[in-house]
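The figures that follow rest on heavy atoms only: side chains count, while hydrogens, waters and symmetry mates do not. Because the structure is predicted, anything quoted here is derived from the model rather than measured. Order of the sequence lines fixes the chain letters, A, B, ..., with proteins taken first and strands second; residue numbering starts at 1 for each chain.
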2 protein chains.
Amino acid sequence: MTIQERKKKILAEVYEAGSLSVFELADKMAASPATIRRDLHEITEQGLLVRTHGGAMKPDNAVITGFSDKKVQRHEDKERIAQEAATLVDDGDTIFMDCGSTVFQMCTHLKKKANIHVITNSLPVLAELIDVPSIRINLIGGELDKKRRAVHGQKAIEHIHGYHAAKCFIGVDGISAENGLTAHSEHESGITSAYLQNASQAILLCDSSKIGRDSYIKFAKLSAISCLITDGGIEEQTKKALKAKGVAQLIVV
Amino acid sequence: MTIQERKKKILAEVYEAGSLSVFELADKMAASPATIRRDLHEITEQGLLVRTHGGAMKPDNAVITGFSDKKVQRHEDKERIAQEAATLVDDGDTIFMDCGSTVFQMCTHLKKKANIHVITNSLPVLAELIDVPSIRINLIGGELDKKRRAVHGQKAIEHIHGYHAAKCFIGVDGISAENGLTAHSEHESGITSAYLQNASQAILLCDSSKIGRDSYIKFAKLSAISCLITDGGIEEQTKKALKAKGVAQLIVV
DNA sequence: GTTCATTTGATTACTTTTGATCAAAATTTG
DNA sequence: CAAATTTTGATCAAAAGTAATCAAATGAAC
């Protein structure tokens with residue numbers, strides 16, 4: 001094995017495992033720890049790996065990510081919702097993903113899919129999926145919302161209109177039978193509307209705290225929603241009301 | 001077997017296998033290692049293969065061999081160039097920044113500027129500047145080039161045409177008096193052209209190894225360049241030739 | 001068939017890479 | 001916070017690989 005081949009393999013192994021020790025690598029490569037250290041030194045200089053005491057780690061794009069490490073509220077509910085949503089993605093699909101935290105949690109489950117194409121305005125989604133070989137990514141361009149770690153604005157909306165996807169995965173600030181989908185920021189609602197208009201199916205990921213709650217910008221009717229995925233805290237009556245207003249399918253996890 | 005036939009076969013075998021040792025090739029070709037080395041030397045000169053200690057590899061159209069190695073190699077030159085380039089940015093400016101490694105190094109120096117607006121297709125630039133309060137960022141959208149950590153493609157080019165900036169800061173693969181600016185990828189050259197067309201001034205950051213070197217896609221004339229910043233390794237004669245062809249200003253750091 | 005240029009493989013000196021050793025530095029433990 | 005342990009990086013000799021040189025082999029031109 002030549003040096004370049006070995007380095008490539010080290011890179012692949014560490015990316016696969018997340019992190020490995022010098023000795024584990026020495027084993028895998030059939031080389032001495034001294035050699036591995038030398039290799040790691042060079043790979044690290046290129047910034048492709050992060051050296052740790054005793055080994056090396058895959059660099060995480062923490063700077064871009066921002067909220068991916070933060071503690072997400074209602075984490076467990078959202079996790080179940082995201083997992084369910086991911087099952088709706090078929091191999092080969094092109095999908096829109098918005099910048100909500102529940103949608104973000106689909107990423108882990110998407111890594112197992114083959115050959116999917118993700119179009120997103122979310123930097124955390126980007127950061128999480130950028131190193132997955134089976135996933136192609138298109139990034140929505142436009143003004144950067146630093147706090148939300150997402151792209152938004154007029155240009156972004158125009159840009160979304162230049163694409164079509166089989167499915168869009170979105171979150172909202174509020175949803176009710178009376179007012180449909182609502183948001184508390186025009187930036188947010190503009191992007192979500194654009195996704196809705198350019199996808200064949202709309203999947204709304206929405207923990208039950210948002211259901212029956214209204215925010216102040218009404219931006220879409222419930223009939224726009226092909227599938228609403230939510231958690232247990234939803235009453236039978238509410239379900240019926242939502243379905244009556246046009247939510248095609250309702251999944252409770 | 002003629003020399004040409006053998007070389008062709010070597011190329012085919014290495015491309016098939018990804019990489020092969022000199023001895024493996026000697027075996028396959030029924031030739032001595034000395035002959036294989038000579039062949040590899042010539043093939044490598046054409047850039048069709050990458051020589052490794054002990055063998056040869058299919059060229060890796062990316063980060064591992066390309067950009068990051070160079071970044072480390074001429075780091076100090078590039079740092080000086082980037083620093084000089086940053087002095088050309090005025091408070092309040094809107095600037096384009098491309099995805100070159102030298103351009104990236106401007107980031108550190110930009111943090112001190114007040115109220116600037118950066119439009120970029122480079123994820124490293126994005127990551128570096130995202131948390132700087134005095135800098136607004138617009139991200140160019142489009143297809144994601146994972147290896148280059150940048151956005152490119154037709155949509156990206158269209159997107160750039162939707163903006164105007166006072167200055168663009170760009171890198172190139174090659175520049176010469178005869179052929180102007182050259183690149184080795186259409187993705188790259190397309191983006192750079194778009195920046196050139198939509199900025200009032202073009203500042204080219206270019207270490208001296210690129211000067212006098214030509215890559216194969218000619219995409220802009222020297223008269224498009226308002227300012228070329230380079231390091232010491234440039235001859236007086238070359239300077240004159242570049243200026244004669246239209247480079248408005250030439251700064252050597 | 002001789003001459004001349006090219007190509008080849010062997011020999012050589014030289015460079016790079018490797019793993020072992022060991023003191024210094026970093027980390028963990030008491 | 002100091003001792004014990006682990007990890008590291010520098011150094012060096014051995015091994016592996018390379019580039020240069022040269023003579024033999026090939027083959028084209030006359």
Nucleotide D/dT18, atom P - distance to CZ of B/R37 in whole Å: 4 Å
Integer-rounded Å distance: D/dG27 C1' and B/I3 CD1: 12 Å
Distance-only side-chain donor-acceptor flag, [X] / [Y], under 3.5 Å:
X	Y	answer
B/D214	B/N179	yes
B/K113	B/S134	no
A/S19	A/K58	no
B/E79	B/H109	yes

From CA spacing to verdict: salt bridge (Lys or Arg N to Asp or Glu O under 4.0 Å), A/R80, A/D231: CA-CA 8 Å; A/R80 284 206 316 282; A/D231 57 85; 5.4 Å; no
Electrostatic pair B/R136:A/E143 at N-O distance under 4.0 angstrom: no
Test: A/K8 and A/E5 ion pair at under 4.0 Å: no
Please output the side-chain donor-acceptor pairs of residues 116-126 of chain B that fall under 3.5 Å, not counting sequence neighbours, one pair per line with the distance.
residue, atom, partner, partner atom, Å
B/H117, NE2, B/N138, OD1, 2.8
B/T120, OG1, B/M97, O, 2.7
B/T120, OG1, B/S122, N, 3.0
B/N121, OD1, B/Y195, OH, 2.9
B/N121, ND2, B/V151, O, 2.9
B/S122, OG, B/V125, N, 3.1

Touch class at under 4.0 angstrom, heavy-atom based, for A/T2 against every strand present: nothing
Residue whose closest nucleotide on DNA chain C lies nearer the 5' end, B/A31 versus B/H53: B/A31
Range on DNA chain C touched by chain B - first to last nucleotide, heavy-atom distance under 4.0 Å: C/dT7 to C/dT17
Residues touching DNA chain D, which here means a heavy atom under 4.0 Å, drawn from residues 19-26 of chain B: B/V22, B/F23
Which residue lies more 5' along DNA chain D, comparing A/R38 with A/G54 via nearest heavy atoms: A/G54
With A/S32 via side-chain contact (heavy atoms from CB on, under 4.5 Å) - residues at least two apart: A/A34, A/T35
Results of salt bridge (Lys or Arg N to Asp or Glu O under 4.0 Å) for A/E42 - residues two or more places apart only: A/K7
Trace of the salt bridge (Lys or Arg N to Asp or Glu O under 4.0 Å) decision for B/D93 with B/K167: CA-CA 8 Å; B/D93 265 356; B/K167 291 150 193 168; 2.6 Å; yes
Helix axis bend for the helix from C/dG1-D/dC30 to C/dG30-D/dC1 - C1'-based end axes, five pairs, 10° rounding: 30°
